[in-house]
Student: 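This is the structure I have questions about; it appears just below.
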Amino acid sequence: MAASMSGVQKWPNFTVYYTPFDNHPAKHIIEAALKEVSNRTPIRFVKRTTELNYVTILFVDGNSSPVGMKGGEQFIELNANGGQSLHELCHTLGLIHEQERSDGQQIIRTYFKADQPIDIGCYVIPIDKTGIVNPSNPNMRPACNSINLTEYDPLSIMHYTAEQGNDYGKPGQWTMVLRSNLTFYVGVQDRAKLTKLDAEGLNSFYNPWSTFRPIPGGKTNAAPTMVTYNGKLYAFWNGHKDDGIFYATNDGTGWTSQEKIPGIGTRTSPAVAVYNNKLYVTYCGWHYDGIFSVSFDGRNWAGQIQIKDFKTKHAPALASDNSNIYLAWNNEHNDGIYYSVFNGTSWTEQLKIPNVGTNNSPALAMYKGLLFAAWNGYHNDGIFYSAFNGNNWTNQQKIGDIKTYNAPALTAHPSLHNPAEENLYLAWKPIGDERIWWTNYEDTNWARQVNTVYKCKTSQALCSFQGKLFMSWQHLEDDIITHVSM
Ligand SMILES: [Zn+2]
């Protein structure tokens, strides 16, 4: 796809309620279509109980759906083979046919009769595929008020499939080709999958994130980090020229100007946690000579201390609960992820998360009473996680199929769909993509993988604050620290 129209209504809370369709002969194909959408967008599908707005899937000899949420009960008609399931579902979510886009006829050429290209521009004759003018068939009428969410996608799930071959001039034959390549027959190829642009278009239509904004004055060469403390959101980052660790605070109305933690510096990202009403900032020493920590009581910074003889060349990670602070780091030889626990008085000796490793930094978060660690696999072979109950780490598990060169970000935050339920959120920058992607652990899996439109240089920071999930990062073009929330 990647187009909608003005006036099309979205489904609130990224949730579509539906009547169970167990008796539909294409049940499994419909289920796969729901899964394809919920794995690649923030949208999820929930069986209806008493909700007022919902979808009922009918088994009829035909395929159709209205565009967007209509209010009350609405229908998707699907025939026995269910091949149109994903296409009709995308209509229900608000997408129109790709070839109806306002720019459609600039990209494609539609042939109705041999040697006679017919341009169907805005509000020009609607023609059906018999080649006969048929005002009652709206499907070939370009939608001049379309909202084009991505570039034109000739292979979109929402694109009509053109007839192939050279006999399109005959009665009943027609075709659509690219203007830039008259031998390229346009149209959906895989009816079970959203194309890359289909998913991006849906994610831009159902974008849960706010417009991005800079943290004033903030510039870095690494990822920022964030925490909430004394009712404010704090962001910390390594100065752009490795000239110190800077921070700014946000009380919900905007950011203060940046300040500098006196007398310290690093060449990687700092880590931050709150414990016993103090804020702890931990970082790799400027000369890679150890892991250091400073604390803040809300007014003053206490001088730095060195934590044991721990060594790293990467950013450490911190998390805390009511009992402890947890520190994790990739050791200086990249031969494993180590951790130590601070009980308010002293740090334990270094311990190792069994049988795991990375070339970057780990990420830590508390979730449902457990300490979660996530990291980029040693061979950039995926993002893995493990949970710690105070005694043991679970065996590592892989989060979907993700490839990255950078450390991920991790935090707990209420579900996008159900604020009473807490989820674990993960953000990362994929290999070959400048944009930030995210997922959340919901309904006992990490299936969802959603792109944002925000471009980043390295890793991100995630933090829950005032009921919103904040994300910040080093902006791709200018290294400015940028943030959004949802
Ligand atoms: Zn359609």
Side-chain angles (χ1 to χ4, degrees), residues 1-11 33 37 62-70 74-78 83-113 116-164 168 173-182 184-191 193-206:
M1 104 143 153
S4 186
M5 270 190 323
S6 54
V8 169
Q9 222 181 322
K10 290 173 212 170
W11 290 83
V37 170
N63 300 288
S64 75
S65 166
V67 175
M69 193 189 81
K70 291 298 179 187
Q74 67 186 73
F75 301 95
I76 296 178
E77 296 184 334
L78 289 172
Q84 285 288 98
S85 296
L86 189 56
H87 176 99
E88 303 306 340
L89 189 59
C90 286
H91 279 319
T92 306
L93 294 171
L95 306 189
I96 60 167
H97 291 140
E98 192 75 358
Q99 76 274 1
E100 292 183 86
R101 286 169 54 143
S102 55
D103 59 350
Q105 295 306 313
Q106 293 155 31
I107 312 287
I108 58 170
R109 174 172 282 187
T110 309
Y111 288 98
F112 293 94
K113 291 180 179 174
Q116 283 187 36
I118 298 175
D119 290 353
I120 46 171
C122 288
Y123 302 121
V124 176
I125 44 171
I127 300 173
D128 72 9
K129 63 182 180 181
T130 64
I132 297 166
V133 176
N134 180 354
S136 69
N137 182 348
N139 291 333
M140 293 302 294
R141 185 188 301 130
C144 296
N145 57 349
S146 69
I147 299 167
N148 302 332
L149 299 160
T150 66
E151 65 196 87
Y152 196 90
D153 183 2
L155 302 179
S156 168
I157 189 77
M158 300 315 285
H159 209 304
Y160 273 23
T161 300
E163 307 279 340
Q164 300 207 12
Y168 47 77
Q173 300 293 316
W174 69 302
T175 200
M176 292 182 286
V177 292
L178 280 184
R179 284 179 181 272
S180 60
N181 179 358
L182 296 175
F184 187 95
Y185 296 93
V186 298
V188 56
Q189 291 187 330
D190 186 344
R191 293 188 181 277
K193 289 263 176 273
L194 300 171
T195 63
K196 185 166 161 282
L197 290 175
D198 288 334
E200 288 180 23
L202 275 176
N203 285 330
S204 133
F205 195 54
Y206 281 91

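Note that the coordinates shown come from a computational prediction; the quantities given were computed from them, not determined experimentally. The basis for the numbers below is simple: all heavy atoms, side chains too, and nothing from hydrogens, waters or symmetry mates.
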Student: So, do His159 and Ile108 sit near enough that their side-chain heavy atoms are less than 4.5 Å apart?
Tutor: yes

Student: Stepwise, does the side-chain contact (heavy atoms from CB on, under 4.5 Å) test hold for Leu95 with Ile157?
Tutor: CA-CA 10 Å; Leu95 306 189; Ile157 189 77; 5.7 Å; no

Student: Would you check if Val177 and Val186 make a side-chain contact, meaning some heavy-atom pair closer than 4.5 Å?
Tutor: no

Student: Got a second to check how far Gln189's CD is from Thr195's OG1, nearest 0.5 Å?
Tutor: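 Going from CD on Gln189 over to OG1 on Thr195, the span is 10.5 Å.
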
Student: I'd like to check Val8 versus Phe205 (side-chain heavy atoms, cut-off strictly below 4.5 Å). Are they in contact?
Tutor: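 Counting from C-beta outward, Val8 and Phe205 do come under 4.5 Å.
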
Student: Please name the pair of heavy atoms, one in Ile147 and one in Ser6, separated by the smallest distance, quoted to 0.1 Å.
Tutor: CD1-N, 3.6 Å

Student: CG of Leu202 to CG of Leu89: how many Å apart, nearest 0.5 Å?
Tutor: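 Nearest 0.5 Å value for the CG-CG distance: 9.0 Å.
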
Student: To the nearest 0.5 Å, tell me how far Arg191 CZ sits from Thr161 OG1.
Tutor: 4.0 Å

Student: Specify the closest pair of heavy atoms between Ala2 and Leu197, including all atoms of both residues, with the distance to one decimal.
Tutor: CB-O, 3.9 Å

Student: Please identify each residue that fulfils side chain to side chain donor-acceptor pair (under 3.5 Å) with Gln9, with sequence neighbours left out.
Tutor: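 For Gln9 there are no side chain to side chain donor-acceptor pair (under 3.5 Å) partners, ignoring immediate neighbours.
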
Student: Can you name the closest pair of heavy atoms from Tyr206 and Trp11 and give their distance?
Tutor: OH-N, 3.1 Å

Student: What distance separates Glu98 CD from Ser146 OG, expressed to the nearest 0.5 Å?
Tutor: 9.0 Å

Student: Can you give me the closest heavy-atom contact between Leu149 and Ser204, atom names plus distance?
Tutor: CD2-OG, 3.7 Å

Student: If you apply the rule side-chain hydrogen bond (donor to acceptor under 3.5 Å, both in side chains), what do you find for Arg179 with Gln106, and how did you get there?
Tutor: CA-CA 7 Å; Arg179 284 179 181 272; Gln106 293 155 31; over 6 Å; no

Student: Under 3.5 Å, is there a donor-acceptor pair between the side chain of Thr92 and the main chain of Gly68?
Tutor: no

Student: So, using side chain to side chain donor-acceptor pair (under 3.5 Å) as the criterion, who are the partners of Lys10 when residues are at least two apart?
Tutor: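 With neighbours one apart ignored, the set is empty.
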
Student: Heavy atoms only: give me the nearest Leu86-Ala33 pair and the separation to one decimal.
Tutor: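 That closest heavy-atom pairing would be CD1-O, 3.7 Å.
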
Student: How many angstroms lie between atom CD of Gln74 and atom CD1 of Ile76, to the nearest 0.5 angstrom?
Tutor: 7.5 Å

Student: Just so I know, are the side chains of Ser65 and Phe75 near enough to count as touching, which here means a heavy-atom distance under 4.5 Å?
Tutor: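 When only atoms from C-beta onward are counted, Phe75 and Ser65 do not touch, as no gap falls below 4.5 Å.
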
Student: Side chains of Ser4 and Arg101: do they bring a donor and an acceptor to under 3.5 Å?
Tutor: no

Student: Should Met158 and Ile96 count as side-chain neighbours, where that means a heavy-atom distance under 4.5 Å?
Tutor: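 No, side chains not in contact.
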
Student: Between Phe184 and Leu155, is any pair of side-chain heavy atoms under 4.5 Å apart?
Tutor: yes

Student: Just say parallel, tilted or perpendicular for the rings of His87 and Tyr160, cut-offs at 30° and 60°.
Tutor: tilted

Student: The criterion is side chain to side chain contact (heavy atoms under 4.5 Å, CB included); which residues satisfy it with Ile107, sequence neighbours excluded?
Tutor: Tyr152, Leu178

Student: May I ask you to decide if Glu77's main-chain N or O and Glu88's side chain share a donor-acceptor pair within less than 3.5 Å?
Tutor: no

Student: In chain order, what residues pass the salt bridge (charged side-chain N to carboxylate O under 4.0 Å, His left out) check against Lys193, with sequence neighbours excluded?
Tutor: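 Checked Lys193 against salt bridge (charged side-chain N to carboxylate O under 4.0 Å, His left out); matches are Glu36.
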
Student: Mind checking side chain to side chain donor-acceptor pair (under 3.5 Å) for Asn181 and listing every partner two or more places apart, or none if nothing turns up?
Tutor: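 Asn181 satisfies side chain to side chain donor-acceptor pair (under 3.5 Å) with Thr183 once adjacent residues are dropped.
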
Student: In terms of side-chain heavy atoms, does Ser102 have a donor or acceptor partner in Asn145 at a distance below 3.5 Å?
Tutor: no

Student: Under the rule for salt bridge (charged side-chain N to carboxylate O under 4.0 Å, His left out), what residues qualify as partners of Lys70, not counting sequence neighbours?
Tutor: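 Not a single residue meets the salt bridge (charged side-chain N to carboxylate O under 4.0 Å, His left out) criterion with Lys70.
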
